[in-house]
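Hydrogens, waters and symmetry mates are skipped; everything else that's a heavy atom, side chains included, is used. A, B, ... follow the sequence lines: proteins, then strands. Residue 1 opens every chain.
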Protein chains: 2
Amino acid sequence: MNIGDVAERSGLPAKTIRYYEDIGLIRPHRSANGYRCFAETDLHKLAFLARARALGFTIEDCRTLLGLYEDETRASADVKQLVQEHLSIIETKITDLQAMRDTLTELVQCCAGDNRPDCPILRDLAGESDCTQGA
Amino acid sequence: MNIGDVAERSGLPAKTIRYYEDIGLIRPHRSANGYRCFAETDLHKLAFLARARALGFTIEDCRTLLGLYEDETRASADVKQLVQEHLSIIETKITDLQAMRDTLTELVQCCAGDNRPDCPILRDLAGESDCTQGA
DNA sequence: CCTTGACCTTCCCCTAACTGGAACCCCCAT
DNA sequence: ATGGGGGTTCCAGTTAGGGGAAGGTCAAGG
């Protein structure tokens, strides 16, 4: 298969696939004309990577996961631990974003949103006041 | 004030403050010796930026917000709209992360996490099976 | 007067994970 | 032979700074 075919079948852009080769995640063969020549196993790996990336794993996590996947003697505990660490990073991000959302929601509710300049959001950012009353 | 003082008082690293000058968010004066010389208004702006950044606004958002803050003829509607757009980006991120979390949580629960190689997480990433049973 | 240490300056490279574009090659159909 | 749609490499840019080098400045102490 050429890169266009695996791109379509894996759902990854060709650019990304070349990048993954660059950083050593995959090693497709080359045809006589210099084109990358992908086997089914390469496509399989790319699909694996696409799914792992979609679950938010970093590239380095993906590298590790791929290594574990190919290691028939792995311990599932190693996989589980990696995933749990990733999960806790995600939980932290969610918590942080929720805090932002809550604050911003409150600010938005306090702002008249008309054509007058008075704005509790800007006052808050300037540290001048709480949201519910004027400066 | 020198940069160290405003760094401490604004909570921003000196590096960040220099960067903000680089990209035109602030314009501190210079002393005769070439040192940046910050007025209270600069410190005020930096605190504004620190708070806006902590709420997840991009640097470009911050630039716009600062412009609105300094524009006495602004309409609060413009501020509100910017914040609402930012909010919807945050909501999207939260939703995405929650979806990842839910999937990963399910996968983790299915994995024995022992020293055997059999791992439903890897099977899932490989697209081989659902989580609750072997391949 | 000299030194020491803390502070400041600019400059350049590095990060993550790609994306866009330029310049060029290859293959097939007309 | 030529046009279009593949493919190739390499370079630069993205966010929001961080790390560190090489060097100027200032105040205190010996």
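Along DNA chain C, the nucleotide nearest to K15(B) and the one nearest to I3(B) differ in position, and the one closer to the 5' end is contacted by I3(B). For the pair N33(A) and Y19(A), nearest-nucleotide mapping onto DNA chain C gives the more 5' position to Y19(A).
For T16(A), counting side-chain heavy atoms from C-beta on, the closest listed nucleotide (dA16(D), dT19(C), dT9(D)) is dT19(C).
Look at R36(B) and you won't find any side-chain N or O under 4.0 angstrom from OP1 or OP2 of dC8(C). Note on R18(A): every side-chain N or O is 4.0 Å or more away from OP1 and OP2 of dG20(C).
Between the side chain of D5(B) and the backbone N or O of N2(B), at least one donor-acceptor pair lies under 3.5 Å.
As rounded to whole Å, 12 Å separates atom P of dC18(C) from atom CD of E60(A). Atom-to-atom, OH of Y20(B) to P of dA16(D) comes out at 8 Å; the value is rounded to the nearest Å. Across the protein-nucleic acid pair, I17(B) atom CD1 and dG17(D) atom C1' stand 13 Å apart, rounded to whole Å. Per the geometry, OH belonging to Y35(A) stands 9 Å off C1' belonging to dG5(D), to the nearest Å. Per the geometry, CD1 belonging to I23(A) stands 14 Å off C1' belonging to dT15(C), to the nearest Å. Atom CZ in R30(B) sits roughly 14 Å away from atom C1' in dT25(D) (whole-Å rounding). Rounded to an integer number of Å, the gap from D22(B) CG to dT15(D) P is 15 Å. Atom-to-atom, CZ of F57(A) to P of dA17(C) comes out at 13 Å; the value is rounded to the nearest Å.
For R36(B) and D42(B), the salt-bridge test fails: no basic side-chain N is under 4.0 Å from an acidic carboxylate O. Look at D118(A) and R123(A) and you find a salt bridge, because one of the NZ, NE, NH1 or NH2 atoms lies within 4.0 Å of a carboxylate O, short of that distance.
Expressed to the nearest 0.5 Å, how far SG of C37(A) lies from CD1 of I3(A) amounts to 12.0 Å.
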